[in-house]
Each structure stands twice: as structure tokens, then as C-alpha cells.
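Chain naming here is simple, since letters A, B, ... match the order of the sequence lines and numbering starts at 1 in each. Bear in mind the structure is a predicted one, so any value in this text is a computation, not a measurement.
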Protein chains: 2
Amino acid sequence: MTHMLLSPTPAEVNEFADAYMRGMRSKDNVLVVVGCCCVEYVGRARSMLGWGGRVVIVKSDGSVLVHQKVGGAPVNWQPPDTLVRYRTEAGNGISLFVIYSYRLKPPEKMYVRFKTVDMVSAHRLRDDRTLRIMGAESDIVDRIMGDPGVIEEGLRITDREKQTRSGAIDLFGVDRDHIPVIIEIKRSQPTPSAVLQLKAYVLDHQHRHTGAVRVRGILCAPSMPVMIRTLLTENKLEWRVFKCEFEQVDDAQSTLEEFT
Amino acid sequence: MTHMLLSPTPAEVNEFADAYMRGMRSKDNVLVVVGCCCVEYVGRARSMLGWGGRVVIVKSDGSVLVHQKVGGAPVNWQPPDTLVRYRTEAGNGISLFVIYSYRLKPPEKMYVRFKTVDMVSAHRLRDDRTLRIMGAESDIVDRIMGDPGVIEEGLRITDREKQTRSGAIDLFGVDRDHIPVIIEIKRSQPTPSAVLQLKAYVLDHQHRHTGAVRVRGILCAPSMPVMIRTLLTENKLEWRVFKCEFEQVDDAQSTLEEFT
DNA sequence: GCCTAGGTCCCGTGG
DNA sequence: CCACGGGGCCTAGGC
């Protein structure tokens, strides 16, 4: 099901939006509005965006997305569970079409005001599929659980998501010499805060065992910038560079061929 | 400028997409495709999404966004600076329209394959405005710089973004008793890592001044969960609950009235 | 419901 | 160019 209008008047867009986006039967529907609009947002912050051509998507779960011609992220938006209403508004002698959206927690509202609409369309989307994804941090943890040798010969994992005073340790185990090992996994390039986190786990563990025991801390990530290595060394921590091969993208050679 | 096709064939969509999205003159253009597609992504992770109705936006900066009927975030996407190509593909005796996108750093590719297209449209978006936003962390820092009394009577700020070994301190100053104060600002609810960060700054400062000086560390945020307070106390750090009033959203009463 | 942590985070800024 | 940290982050999972 697809319905659309080209260059509608504000009143026409308003009627169209209400017709396809209100009521229970509209729960699979999505509205797309393209035109010249300005956006006002007040909530956790406050923002203004002057007049310009944008693509706006409204979903029946209450999501609203305002996209400019550049950028991967919406310039303004509302998350799901937002209430959305459509209106016309008189401004300076001209009529405007307005998408007004509002939610309570946190209190946030957004006005998208159109002075012209190039196109509005409504679509019934039939879709029961969910994304299946591989290569998340939990997959890497799985991999290491199944074969701790990829980190170190003789390593034995005893706990996953082990709770400490300062948060949860990704992996906890003992090395070949029975020394406790705390492992922090990062699926992408680690930041200094990852080092602080690991350090906190190690200190916490030492504290609980009244200092006597030696504890090792290992940061495990696909890359390890020099600054991170320095910080780790300063804090008597270790690292392993570990990329999980869930099946890599084709190498540039073959991909560029394919791309022509 | 708006052009569109309803229920086009794969070949027609392909030609349409190439006509409006290739070449220099298309730099203000955006393509919207609505139809039944599946998505395959390989790169930093790997994912599959089965057949279903979606809205796909392609921008001329290379951004590609795949939206399902629910959710504020795209289910699949490519960021700007991705190369995008359009194709038709023969699969199982039927013809498919394919949006293929690829980038080198990091190596990532995505295929969006349509078996039916309900609508395709191309839009020239004229827009030179950028978002103006208030209420960012830097605004809160401004506010406190201008009136340190909101944190504490007698506080004097001497540095902003003061560099230390472990990163930049948001605000640095001295209290009424000339004791140095390190202030970490969070515009939203703080996480344990904010405490670790503050702790690191304090330790670093003490280290540089060979232990003798007492240094205070204050975490400043709009809310302060119990666990965070506990962590702060354990680490001999302080906190201030501080909401910056850049002009709050209307209270629920008046807004709900307005909403009817 | 709050809180915590991950993300194909994205994105700007500063070195 | 990479590195770092903020974000109206969003979103899923735990309790």
C-alpha cells in the first residue's frame, strides 16, 4: 500500500497524514514528508534549525526523523513512544503544515513546520524480520570462553560477567600458575577509560583479597594505540591484540573489482 | 525538484537512481526507495536481515539508511563517504534492484536487495542551515565559569579544559580555603566511568604535586544515582546535583493542553 | 521503573 | 590523519 501527493497544500498534507497515521489500523504505516521546513526542539537540550529542504520520516511507533541532505544521523528526531499530531498553522499570512511531537519522560517536544511540501507519501510496511548480527562483544567473549588458548596458553576461564564493586568483569580466570586473571574485552579500538576500568577491577579484586594475592589484568582489543600501551604499562597491566574472525570482508582487491 | 515512480520495475528504478544520484549535479539530491528488500552487511560486524518492507534513504554524500517500520535508529546503514552503486541482479528467475555501498576505512559493504519497489523518489534539497543547539556540556561549563557560586560559595575557577596526564579536566579552581578543586561536568546521568575519570584526575594532580597537597574532586551532574554516590564516597570524592536551566520545556500541564 | 553498558555507535575537535 | 570524548546519544538486558 502506497499513497502519495505531489506539491500538496498544507491542508491537504494535514488531511493525508491524519488519514494514514491515526488509529489502530495504521500501526504498520510510515509517513514520508519532503519539503521546506524549520525545526524547533525543547527538552534535554534546546535547538533551532532554520528553513531548508529535508526528508522527514514518521513511524507509527512515534519515531520522528528529520534528515538533511548530508549526514548519517538525523539532525533532529524523536525516539519511539512519542505522541505525534498533525496541524496546520497560520504564520505571516501563509499556511504551514506542522508535525508536533511530544513525550513525557523525559519531557521533550519538537515542532517541524513546513512552508512547502514537495511530496508526502504513506506506506504500509509488512515486515516481521529482525536483524541477525554477528561480531558483537558477546560473540568475542563466547569465542574466548570456548578456546581460552587464543589469549594465553594454559589460561582457564572461571567466570563471565563477574560482578565487582566497580562493575562487571567481562572474563575472569586463572593462568597456568594459578594466578587470577581479569580480562576486559573491547570489540573496537580501546580508549583510556577502558584502561581505568580494568585498573579499577584489579584494584577492587586486590582490595577484597587484602592485598596478598597478585592479580593480572589484560586488555583485549583488535588494536592497541601507543598511548593505551603506555597507560597499561604504567599501571602494570597487560594487553593482547585479538581480532575475532567472524568472516572478514573481502580484501580491497576483489571488492574493488566487484565494485566497477 | 521532485521526481518519482510508483511500482517501477527493477530496471526502471536502476535507471532512475543512476539518473538522479550520479555525477556532480546530484550533490544536493536525496533518493528515497520504499519496497520489499533484504539487507546484507559485512564490515566491523556482519549482519543479515530477511525480506520485509522498508524505507531506504540514500544521500549524495554516500550515507545510506535502512529503516524498518519501528525504531528510531536505522536497522542497517552506511555513514557518509561511502561509495554507492545501483544495479539490477538476476535471482531465482526474478530481477532484483540492488543498492550496493562500500567503503575502505574501515572496510565495510552493504547490499540492499529489492524484490519489489513500491515507490522511488529523488529530491533536490536546498538547505544551507546548520543546527543551533543550547544545553550542551560546554554551555553548562560556561554557566559555572560565569557564576562559580552555583557550585559552592567562595569557589574561584582558574582553568577550563586543563590538560593533565590522564586527560582534560572540565574545570579547575580553588575553594575559599585555597584548596585546589577539580570539577567534572556531566550533562546527563553519570556512569561509574565518570567517577573513575575524576579519580584519575585527582590522583594525577596529587602525583604531580608529590602528595603533600590536598585536592578535592567534585562530580557535577543533573542526577546522582545511589551507586554513583557510594563510589564517590568510597573514593573520597564529592558531588553536586546541578541542572542547568537553559529554559526548560513547558510543564506537563500546559503542554498537554496545547497537545489536544 | 531505574540503572548499566554496548554500539557497524556517529560526530566534532584537537593534536 | 588518528585519537579522544560528548551525545537530546539509542537500545537491549538486568534487577
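Between the CG atom in Leu198(A) and the CG atom in Leu196(B) there is a gap of 11.0 Å [rounded to 0.5 Å]. How far OH of Tyr86(B) is from CE of Met21(B): 4.5 Å, rounded to the nearest 0.5 Å.
Phosphate proximity of dC2(D) to Gln189(A): absent, as no side-chain N or O sits under 4.0 Å from OP1 or OP2.
Heavy-atom nearest nucleotides on DNA chain C were determined for Lys105(A) and for Glu184(A), and the one closer to the 5' end corresponds to Lys105(A). Position along DNA chain D of the nearest nucleotide to Ile185(B) versus Pro225(A) favours Pro225(A) as the more 5'-ward residue.
With 3.5 Å as the limit, one finds a donor-acceptor pair spanning the side chains of Lys59(B) and His67(A).
Contact check on Arg160(A) versus Asp170(A) returns no salt bridge, with no Lys/Arg side-chain nitrogen under 4.0 Å from an Asp/Glu carboxylate oxygen. Look at Glu137(B) and Arg187(B) and you find no salt bridge, because none of the NZ, NE, NH1 or NH2 atoms lies under 4.0 Å from a carboxylate O.
Look at the P atom in both dG8(D) and dC4(D): the space between them is 23 Å, to the nearest Å. Distance noted for atom C1' between dG7(D) and dT11(D): 14 Å (whole Å).
Rounded to an integer number of Å, the gap from Asp81(B) CG to dC1(D) P is 11 Å. In this structure, Ile228(A) places its CD1 atom 9 Å from P of dA3(D), rounding to the nearest Å. Look at CG on Asp139(B): it is 15 Å from P on dG6(D), rounded to the nearest Å. Regarding Ile140(A), its CD1 atom lies at a distance of 12 Å from the P atom of dG6(C), rounded to whole Å.
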| task | Determine, for nucleotides 7-15 of chain C in 5'-to-3' order, which nucleotides have protein heavy atoms under 4.0 Å from the base (write B), from only the sugar-phosphate (write S), or from neither (write -). | result | SBSSS----
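Residue contacts shown for Pro106(B) are absent, as no nucleic acid heavy atom lies under 4.0 Å away.
In this structure, Arg113(B) is positioned above the aromatic face of Tyr111(B), its NZ or CZ under 6.0 Å from the six-membered ring centre and within 45° of the axis.
Under the 4.5 Å side-chain criterion, counting only non-hydrogen atoms from C-beta, His205(A) is not in contact with Arg165(A).
Of all nucleotides present, only dC15(D) satisfies the Watson-Crick or G-U wobble test against dG1(C), with each distance under 3.5 Å.
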